[in-house]
Amino acid sequence: MVAKRRVLLIVSGGIAAYKCLDLVRRLGERGFAVRTVMTKAAERFVTPLSFGALTNERVFTDLFDLDEEREIGHIRLARDTDLIVVAPATADIIAKMAGGHANDLATAVLLATDKPVLVAPAMNPRMWANPATQRNVRQLRADGIHFVGPASGEMAERGEAGTGRLVEVPELIEAIERLAMPESAAQSGALAGRHVLITAGPTHEPIDPVRYIANRSSGKQGYEIAAAAAQLGARVTLVSGPVTLTPPPGVETIRVVTAAEMLEAVSKALPADIGVFAAAVADWRLAQPKPEKIKKSAGGAAPTFKLAENPDILRTVATRQTDRPTLIVGFAAETEDVLAHAKKKLKSKGADWIVANDVSPETGIMGGDHNTVHLVTAAGVENWPNMSKCDVAARLVERIAQHLDQLRPKRTAAE
Ligand code: CTP
């Protein structure tokens, strides 16, 4: 029997709260078990009775209600679920989450959870654009919180338009479907029993004890792929260069600094069924990094450095005689002639697939949350639309799972 997927919906106080009545009704139709927590402000827009009637569950509102705590404490509310959804999420609850507050039931649950959290903001466009809100959203994304929306358009306040509307219910459901994976399903998921090895982030190559060569990679795409593979039940090893991201839950993360360290960690993590090389490895390092901080010379002459080429991690793994992963996926970060370079890299590196993207500064891809990629394989090129890095990751790991199943189908119960 397929386990019922569980969602804990946290409703905060916004006019869009009424849309969540439709949301819980439709989630129920899709077989989700939904529990609701409402903030005090939310109760001014919609009554707990409405959510209670639609979910067939008691609605939780008070951190200090003895009856509620006895029935199911806030820690259990936070854990007995596959996904927490905050919708609508006001600027206030986003700020509290970013600051780690826990002064009501909703924020205490959010602080206590170890489950994925999806936030659907809804607020006035100026509140959304305010640097304080944007700072909080950046912080939460770095903490591994997922976002959907806000959408653009007319606001409830007459004459106001801009970005800040709660996304429409179908879009919310799509995001929930992607993230709410019951633990039991993950174990029998499409990548269950497979080991996925992923590299992510930049590498730093020391010049002296205080300076280094680096690049602008944020590691986001690689981290999203690690999270998506784990959600499909894979055992995931993520070898990460220096980034500020939180490791995804359930992923073994090995932190390294230089390309040489990355290669060593990757070699140790083999064998793997799938290798995804999303790291932006520095191509060169200093042939001899200086042991002491380099001082300016009295004569004003700038120092010169001799560079040495770094090992190509992808090519090293792809050309191994033993333990070569069944499927090797490389990335090609280009600023011109994206497809031509990607096709060349497919061959020269020995990869099976290349995910190519244009990282020119004007695309905003490096460091941003969206990506436009082309999947280059021996069979041809697929152009994917502009998507969030989270969606690119979900689509890529689904493709990987399908591909492996074709090569080595899993046994069915009848066999
Ligand atoms: N890669 C790697 N080790 C390196 C360099 C690159 O594993 N030393 C991998 C990257 O993780 C990526 C692919 O190779 O999957 C292509 O990386 P990219 O930086 O686009 O290409 P380079 O090989 O560095 O070539 P160039 O800089 O000339 O474009």
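Below, all heavy atoms of this structure are taken into account, side chains as well, without hydrogens, waters or symmetry copies. Both ligands and their constituent atoms are indexed starting at 1 by order of listing.
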Student: Surrounding CZ of R25 (heavy atoms of other residues, nucleotides or ligands, distance under 6.0 Å), is the total greater than 12?
Tutor: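 Atom CZ in R25 is crowded, with more than 12 foreign heavy atoms closer than 6.0 Å.
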Student: For residues 277-290, which residue pairs pass the side chain to side chain donor-acceptor pair (under 3.5 Å) check, not counting sequence neighbours?
Tutor: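 Listed once each, the pairs are R285-N310.
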Student: I'd like to know whether CZ of F147 has more than 12 heavy-atom contacts from other residues, nucleotides or ligands below 6.0 angstrom.
Tutor: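 More than 12 heavy atoms, drawn from other residues, nucleotides or ligands, come within 6.0 Å of this atom.
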Student: At a 4.0 angstrom heavy-atom cut-off, what protein residues surround ligand 1?
Tutor: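 Within the 4.0 Å shell of ligand 1, which is judged on heavy atoms, sit F277, A279, V281, D283, P311, D312, I313, L314, G330, F331, A332, A333, K345, K349.
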Student: Does E57, at its CD atom, have more than 12 non-hydrogen atoms belonging to other residues, nucleotides or ligands within less than 6.0 Å?
Tutor: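 Result for CD/E57: enclosed.
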Student: Are R211 and D208 within salt-bridge range, i.e. N to O under 4.0 Å?
Tutor: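 Yes.
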Student: Between R324 and D352, is there a salt bridge with N-O shorter than 4.0 Å?
Tutor: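 Salt bridge present between D352 and R324.
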